[in-house]
There are 2 protein chains.
Amino acid sequence: MLRGALAALLSIEPDIEVLGSFSDGEQALQAVGKHRPEVLITDIEMPKMSGLELTARVKELYPGTHVLILTTFARPGYLRRALEAGACAYLLKDRPSEELADAVRSASRGARIVDPQLASQIWSTEKDPLTDRERLILRRAGDGETTAELAHSLRLTEGTVRNYLSEAISKLHASSRHEAARIARDKGWL
Amino acid sequence: MLRGALAALLSIEPDIEVLGSFSDGEQALQAVGKHRPEVLITDIEMPKMSGLELTARVKELYPGTHVLILTTFARPGYLRRALEAGACAYLLKDRPSEELADAVRSASRGARIVDPQLASQIWSTEKDPLTDRERLILRRAGDGETTAELAHSLRLTEGTVRNYLSEAISKLHASSRHEAARIARDKGWL
DNA sequence: ATATCACCATGACACCTGTCATGCATTTTA
DNA sequence: TAAAATGCATGACAGGTGTCATGGTGATAT
């Protein structure tokens with residue numbers, strides 16, 4: 001519904017033309033190839049292809065298209081990865097809808113726009129305290145792999161696996177592996 | 001942003017006037033008292049006062065105002081409770097935004113509109129298999145109360161508490177107390 | 001060279017969780 | 001009335017989870 005509403009609002013602006021609106025990353029990528037828009041607006045968490053992957057693919061195949069990320073998630077990790085992938089703007093969904101049209105205009109000129117609150121966080125970004133082993137195990141544990149599966153596939157004792165997780169939990173000030181995985185993902189460390 | 005965008009779209013319709021737009025239930029309730037709109041559009045999960053409570057208060061204080069629920073959650077439990085609270089329409093956010101204006105018009109005439117997919121589910125609603133004790137304990141466990149806290153405050157053994165949770169888990173085909181609580185909430189049993 | 005440090009790995013321990021078998025009331029059914 | 005079913009309560013048990021103390025390796029600094 002948001003997508004439809006924004007498309008309707010933007011197409012009212014005299015200097016903006018809406019070329020299409022799609023519900024997943026693959027369709028969007030295809031449409032970008034076909035219409036070569038000046039600006040692509042995309043969310044991050046989407047079916048089929050994430051907005052981050054979509055951004056990378058678009059910048060690789062059609063570098064003329066500027067990508068504007070519009071998402072709910074105020075995560076420094078997402079922001080950093082979005083910029084690395086070549087996005088030129090990062091807007092949050094809790095901002096008033098009037099900002100969008102201006103953001104689109106700025107994006108079409110290639111200007112960088114980043115939510116100021118978030119922009120400050122990205123530089124104050126503490127660096128990943130996790131060790132390689134810890135990061136690997138935390139990621140896979142966060143994906144639902146069980147202690148036993150991890151131990152077996154890495155040829156470790158279950159105790160060892162639990163120990164890495166314990167270390168990660170402590171370093172991230174979490175209280176369970178799941179919370180630790182969530183925190184690490186938020187910061188873009190996984 | 002969605003709220004702003006929808007307000008903008010609705011105010012374009014010649015026969016619809018937007019009287020206000022608020023970010024939490026309390027403000028909305030106050031504004032309804034002041035403007036006495038024909039229709040109130042509200043989400044369910046909101047800060048300060050949930051949309052369900054807001055609906056009940058509005059129907060009690062200003063029964064002339066028709067309430068239209070607009071939410072992400074396709075939960076039969078929410079739908080049932082919304083209708084019980086006096087809502088006259090229940091719309092999902094994943095529908096195209098064009099439907100909203102028509103829904104508002106229907107609502108202003110007092111017509112019942114319910115997402116058809118959801119409407120069918122509400123009658124096929126299996127009834128709550130939980131016993132009083134199980135329901136109470138599952139609710140509080142779902143709110144984060146620990147086994148020990150529950151046992152102490154109910155003057156039960158920890159084993160007993162765990163046993164009720166085990167029963168609930170099995171009846172709801174869940175695999176942990178948290179999942180069980182989530183399922184029960186979805187169905188409106190808590 | 002050796003002392004220190006970071007990383008990897010292990011097992012013992014305590015705690016928490018869910019399951020099960022059991023017992024006892026109270027209500028419903030035959 | 002007797003039998004069965006339902007709900008409440010308990011403790012024993014197995015398995016999972018996080019913490020800790022410990023030891024080994026290799027790289028770096030003194």
Side-chain angles (χ1 to χ4, degrees), chain A residues 75 77 80 124-190, chain B residues 75 77 80 124-190:
Chain A
R75 301 183 187 173
R80 197 171 48 67
S124 78
T125 191
E126 334 103 88
K127 74 169 186 311
D128 188 347
L130 298 176
T131 190
D132 284 354
R133 222 67 175 139
E134 288 162 3
R135 193 178 309 111
L136 170 70
I137 290 182
L138 182 58
R139 171 164 9 100
R140 292 173 58 170
D143 288 340
E145 257 180 281
T146 164
T147 307
E149 285 166 355
L150 279 165
H152 186 261
S153 90
L154 298 174
R155 271 147 243 259
L156 292 176
T157 315
E158 298 201 9
T160 308
V161 172
R162 288 205 304 277
N163 198 37
Y164 284 126
L165 290 171
S166 177
E167 273 302 308
I169 288 168
S170 140
K171 285 180 178 174
L172 303 178
H173 308 106
S175 65
S176 76
R177 58 231 265 150
H178 297 99
E179 191 188 348
R182 205 182 41 70
I183 292 176
R185 257 185 240 281
D186 269 24
K187 308 241 183 185
W189 292 335
L190 294 192
Chain B
R75 301 182 184 173
R80 197 171 48 66
S124 79
T125 192
E126 333 103 270
K127 73 169 188 313
D128 188 347
L130 299 177
T131 188
D132 285 354
R133 221 67 175 140
E134 289 162 2
R135 192 177 309 111
L136 169 71
I137 290 181
L138 182 58
R139 172 165 7 101
R140 292 173 58 172
D143 289 340
E145 257 180 280
T146 165
T147 308
E149 286 166 356
L150 280 165
H152 186 261
S153 91
L154 297 174
R155 271 148 245 260
L156 292 176
T157 314
E158 299 200 8
T160 307
V161 171
R162 288 204 304 278
N163 197 38
Y164 284 126
L165 290 171
S166 177
E167 273 302 308
I169 288 167
S170 139
K171 285 179 178 176
L172 302 177
H173 307 105
S175 64
S176 76
R177 58 230 266 153
H178 297 100
E179 191 188 347
R182 204 183 41 72
I183 292 176
R185 258 185 241 280
D186 269 23
K187 307 242 184 186
W189 292 335
L190 294 193

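Letters A, B, ... mirror the listed sequences (proteins, then strands); counts begin at 1.
Atom CD in A/Glu158 sits about 11 Å away from atom P in D/dG15, given to the nearest Å. Between B/Glu167 atom CD and C/dG18 atom C1' there is a gap of 11 Å when expressed in whole angstrom units. Summarising the geometry, the separation between OH on B/Tyr164 and P on D/dT6 is reported as 16 Å, rounded to the nearest angstrom. Residue A/Glu179 contributes atom CD, which lies 11 Å from atom P of D/dG18 at whole-angstrom precision. Atoms CD1 (B/Ile137) and P (D/dG7) sit 15 Å apart, rounded to a whole Å. The nearest whole Å value for the distance from the CG atom in A/Leu172 to the C1' atom in D/dG18 is 14 Å. The interatomic distance linking A/Arg177 (CZ) with C/dT17 (C1') rounds to 14 Å, in whole Å. One can place CG of A/Leu154 at 16 Å from C1' of C/dC7, the figure rounded to the nearest angstrom.
With rounding to the nearest 0.5 angstrom, the CG atom of A/Leu150 is 13.5 Å from the CZ atom of A/Arg155.
Between D/dT19 and A/Arg162, no contact under 4.0 Å exists linking OP1 or OP2 to a side-chain N or O.
Backbone-only engagement by A/Thr157 is indicated by non-hydrogen atom pairs under 4.0 Å involving sugar-phosphate atoms exclusively. Among the protein residues, B/Thr146 comes within range of no part of the nucleic acid, since none of its heavy atoms lies under 4.0 Å from any strand. Residue contacts shown for B/Thr131 are limited to sugar-phosphate atoms, with no base heavy atom under 4.0 Å away. Contact annotation for B/Thr147: backbone-only contact, meaning every heavy-atom pair under 4.0 Å involves sugar-phosphate atoms and none involves a base. Counting any heavy atom pair closer than 4.0 Å across all strands shown, A/Arg133 reaches sugar-phosphate atoms only and no base atom. Among the atoms of the strands shown, only primed sugar atoms or phosphate atoms (P, OP1, OP2) are found under 4.0 Å from some heavy atom of B/Ser176. No engagement by A/Leu165 is indicated, since no non-hydrogen atom pair under 4.0 Å with the nucleic acid exists.
Of the candidate nucleotides C/dT19, D/dA9, C/dA9, C/dA9 has the atom lying nearest to any side-chain atom of A/Thr160. In the set C/dT17, C/dA9, D/dC8, the nucleotide with an atom closest to the side chain of A/Leu156 is C/dA9.
Of the possible polar contacts, none joining the B/Lys187 side chain to the B/Gly77 backbone as a donor-acceptor pair under 3.5 Å is found.
At a cut-off of 3.5 angstrom, the base of D/dC8 holds no donor-acceptor pair with the side chain of B/Asn163.
Along DNA chain D, the nucleotide closest to B/Glu134 and the one closest to B/Gly159 are compared, and the more 5′ of them pairs with B/Glu134.
Between A/Arg140 and A/Asp143 no salt bridge is recorded (no basic side-chain N to carboxylate O distance below 4.0 Å). A salt bridge links A/Glu134 with A/Lys171; the closest basic N to acidic carboxylate O contact falls under 4.0 Å.
Donor-acceptor pairing under 3.5 Å is lacking for the side chains of A/Ser166 and A/Arg177.
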